[in-house]
Amino acid sequence: MNLKMTPKAVIFGGTFILAAIVFAVVYWPWAKRIQTPSDIHRSRTPAENAGRATYIANGCVYCHSQSVRYLDWGLGAERVAQAGDYVEDRPILLGSERTGPDLSQEGGEHPDDWHVAHFINPRFTRPHSIMPPLAFLGDKKISTLIAYVQGLGYKDADRRMERQRFWKEKAIEAYEAGPEANVKWLHGHVPEGWRKIPNPYPTTEAGLRRGRRIYQGFCIGCHGPVGDGMGPAQPHIYPPPLNFTILKGRGISGGILYYQIMNGITGTAMPYFKRELESEKIWDVGNYVAVYFIGETDANAEPRGIDASWEP
Amino acid sequence: MATTTNALPQIHRTARGFCITSAVWFVIGTLVGLTTAIEFIAPDLLGNISWLVLGRIRPVHTNIVIFGFVTAGLLSVSFYMVPSLLRTELYSEKLGMITVLLWNIAVAAAGITLAMGYTQGREYAELIWPLDLVVVLLFGLICFNLFMTVKQRKEPLLYVSVWYVLAAVILSAITYCIGNVIWVPGSGALAGMPDAIILWFYGHNVLGLLLTPLAVAVAYYVIPSASRTPLYSHTLSLVGFWSLLVMYSHIGTHHLLQTPAPTWLKVVSIVGSIGMIIPVMVVLINLWYTAKGKLGQIQADVGAKFVLAGSVIYLFTCIQGPAHSLPVVQRITHFSNWVVAHAHMGVLGFAGFIALGGMYYILPKITGKPIFSKSLAELQYWLVLIGMSGFMIGLTMSGLIQGHGWRSGETVYRLLPQLHHYNIFRGAMGVLIVSSALIFLYNIIRTIFFNPGGQASGVGKES
Ligand code: HEM
């Protein structure tokens, strides 16, 4: 080959190639872009936009994606991202890393008070978290950030937030009516079948050890090291984390503990753990709470079915 | 030029300026990187200091290492290599020095504004609009200086390194404007999916049209020069050059394979990513055939050794790249630390190694003195090689834990404790890399400012 590489060949040849490529892979996709908003899309409120600016300024995008894939399981997996979700996003915040979970559908996942505690210090609600503490933002910025986060998921988020607010009111009412009424309210919403089920498995040393480990990794920031609800998140959460000792003698059962841990209590900061904890872990942590903090357990009581093969 | 005293030659001031620039920002950039690594291990350690919070300093780290360290280092070599290959002098050393000064101001301003939270929030295109303008101006100054140098050349033929440098500076100036959506000063962004497409067109071309061609140019200069052999093949040079421009610049959408980007665009980017094997292998065959039988000479020069190692790491990076452009692989690797490992292998292992090697190689030529300490340079070589490789292996492992865990239903939170030890390992490897940066800075400063010449054992190679 004896193509002569003159300065002109390099400069104009290179620029020409780049121009052709920009036309094909940048301009053309733009010209053909989808401009119709998706079914869940709505415009953001001014507060949400202010929160989005805080999100951008503090680099949340480096740890959180906002782009659910068809192969995902975790937070937001119920709805795969569509181009129409982003039509008003400038810039778009898809993210390239998942050091933290995807936030596309974060709105309404937790009530506002959970977010306050979490943003002040993520370890308060999530002991193993490596997310940076954001107390330096101050109350005002934290509240707009929460407005933004609670709007992620647009109309789906709005529906979830409506539910959070509805139950928050009821939960506060029950809490303020005193422990007796609160426990009655809490248990009143557990389906009857669950309420009657005792923990079918016996208490074992190993089981309690596992339960403690789960408790320390997931629950301690709210319910506290001794289960009195005085973890570091407590000042920010209302109704405050449950003091487990009030459950004693008030009809608590293994089934109630299991159901509440699995499903969470919408409206309160109590999250659901069905994604994070498998069945054995839920029974174990429930029994740990029952044995050590409530001081009363129905483990292995009748009716418990045929004993499982591993039982001693 | 013959220099026997401590005085530095008047020419090559720009090359020296960029060399010091690169060494200084190498230390600062990696220190900031180490800080992020520490925050991954102990998120509360630095308390509530807004400008040190991870989300703020991560772009500080990436911008400083890419523009302050690697690009500046490669430009240092370019500002020596281009005039020398054209048998002329740089058109204007004065303009060059202004460029160096402004470059440092721009990098410092980038670091400060990002730490203060002034960002456009688009990965690799974070800088606010006024700084965007400064960067474009800088590329303009560099283009002008180099074009005028080409114009006054005494050597009629352009060597392949010159093609790559010219293409890199002019095409980067253009992609920078496009990628930063410079006609929208406020947000610097388009709306919706086109913003992601234009962003990754640009983000990808920071590597493909800036770092890669500059690094390849330096390798094309150093390897034949150190092994005292003419380049193996002109034809391969041509194929490598044009195929790089065609292939690399259009595949940015492989960063968006799992998003709602148009399917045809994804297909194009995957095909092009596989096609990257051509520009990469052609360059490497050309370089390695040139070096064939001359490894002794290359080994003997620490600069050339860095460059050769960089070329080997280029191969590894570009085997991995096409592999994780495949959807089946990306199902596991996307969003995970695997990509971070790849990024460090590319930017530090390939482009960074070649920048370091190139600077060591030209140091005696631009100062008229031998390198202050060859043994420190050797030590630095091993520190950064072990640091980068360890970093890469550790993060690849942790990325696989993440990817496979998520794929089988683990939540992000559940996996955090399992990543902890790998994060500690990464921090430890970071310490090696920072140490190597400190050694480099010391060696450069000693060579340039406090070396009367002839004191170290190496023979000062003068051009
Ligand atoms: C054959 C060549 C290459 C191909 C096909 C390739 C492919 C890719 C792909 C597909 C990704 C995205 C992965 C994901 O998000 O799942 C990626 C990321 C990246 N690559 Fe490469 N790569 C190549 C070479 C290089 C080189 C030479 C460098 C450095 C000079 C480099 C630096 C990076 C960086 C910094 C990222 C991270 C981007 C981010 O922040 O998400 N790559 N590469």
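So that the names make sense, note that chain A is the first sequence line, chain B the second, and so on, each numbered from 1. Atom set for the values below is all heavy atoms of this structure, side chains included, hydrogens, waters and symmetry mates excluded.
- Here Leu257(B) contributes atom CG and Thr259(B) contributes atom OG1; the two are 7.5 Å apart, rounded to the nearest 0.5 Å.
- For Leu157(B), the part lying near chain A is the side chain, with the backbone staying farther off; criterion is any non-hydrogen pair under 4.5 Å.
- For the pair Phe218(A) and Pro271(A), the minimum side-chain heavy-atom distance is 4.5 Å or more.
- The candidate with the highest count of non-hydrogen atom pairs below 4.5 Å against chain A, out of Phe241(B), Phe147(B), Trp264(B), is Trp264(B).
- With a 4.5 angstrom heavy-atom cutoff, Phe201(B) touches chain A only via side-chain atoms.
- The closest side-chain donor-acceptor pair between Thr175(B) and Asn205(B), if any, does not fall under 3.5 angstrom.
- Listed options Ser96(A), Gly14(A), Gly100(A) were ranked by heavy-atom pairs under 4.5 angstrom with chain B; first place goes to Ser96(A).
- Looking at heavy atoms from C-beta onward, Met193(B) lies out of side-chain contact with Arg33(A) at the 4.5 angstrom threshold.
- Only the side chain of Leu93(A) has a heavy atom closer than 4.5 Å to any heavy atom of chain B.
- Heavy-atom distances place the side chain of Pro194(B), and not its backbone, under 4.5 Å from chain A.
- Comparing Glu39(B), Arg56(B), Arg153(B) by heavy-atom pairs within less than 4.5 Å of chain A, the highest count is held by Arg56(B).
- With values rounded to the nearest 0.5 angstrom, Asn423(B) atom CG is found 7.5 Å from Leu395(B) atom CG.
- At a 4.5 Å heavy-atom cutoff, the contact between Arg414(B) and chain A is made by backbone and side-chain atoms alike.
- Of residues 55-80 of chain A, those residues lying under 4.5 Å from chain B by any heavy-atom pair are Ile56(A), Ala57(A), Asn58(A), Gly59(A), Val61(A), Tyr62(A), Cys63(A), Ser65(A), Ser67(A), Arg69(A), Tyr70(A), Leu71(A), Trp73(A).
- Listed options Gln35(A), Arg126(A), Gln82(A) were ranked by heavy-atom pairs under 4.5 angstrom with chain B; first place goes to Arg126(A).
- With a 4.5 Å cut-off on non-hydrogen atoms, Ser269(B) does not touch chain A at all.
- Looking at Thr6(A), only its backbone comes within 4.5 Å of chain B, counting heavy atoms on both sides.
- Aromatic ring pairs are classed by plane angle as parallel below 30°, tilted from 30° to 60° and perpendicular above 60°; the pair His223(A) and Tyr215(A) is tilted.
- When all heavy atoms of His128(A) and Leu416(B) are compared, the pair lying nearest together is O-CD1, 3.6 Å.
- Using modelled atom types, one finds no donor on one side chain facing an acceptor on the other under 3.5 Å when comparing Tyr202(B) with Glu123(B).
- Scanning residues 17-29 of chain A against chain B with a 4.5 Å heavy-atom cutoff picks out Ile17(A), Leu18(A), Ile21(A), Val22(A), Ala24(A), Val25(A), Val26(A), Trp28(A), Pro29(A), ordered by number.
- For a residue to count as touching a neighbouring chain, one of its non-hydrogen atoms must lie under 4.5 Å from one of that chain's; by this rule Tyr118(B) does not touch chain A.
- To the nearest 0.5 Å, atom CD of residue Glu126(B) and atom CG of residue Asn63(B) are 5.0 Å apart.
- If you measure heavy-atom distances from Pro127(A) to chain B, the contacts under 4.5 Å come from both the backbone and the side chain.
- Counting heavy-atom pairs closer than 4.5 Å to chain B, the top residue among Gly217(A), Pro132(A), Ala135(A), Ala53(A) is Ala135(A).
- Within the 4.5 Å cutoff, no side-chain heavy atoms of His110(A) are placed close to those of Thr125(A).
- The contact between Glu97(A) and chain B is made by backbone and side chain atoms together, counting heavy-atom distances below 4.5 Å.
- Using bins of under 30°, 30° to 60° and over 60° for the plane-to-plane angle, the ring pair His204(B)/His254(B) lands in the perpendicular bin.
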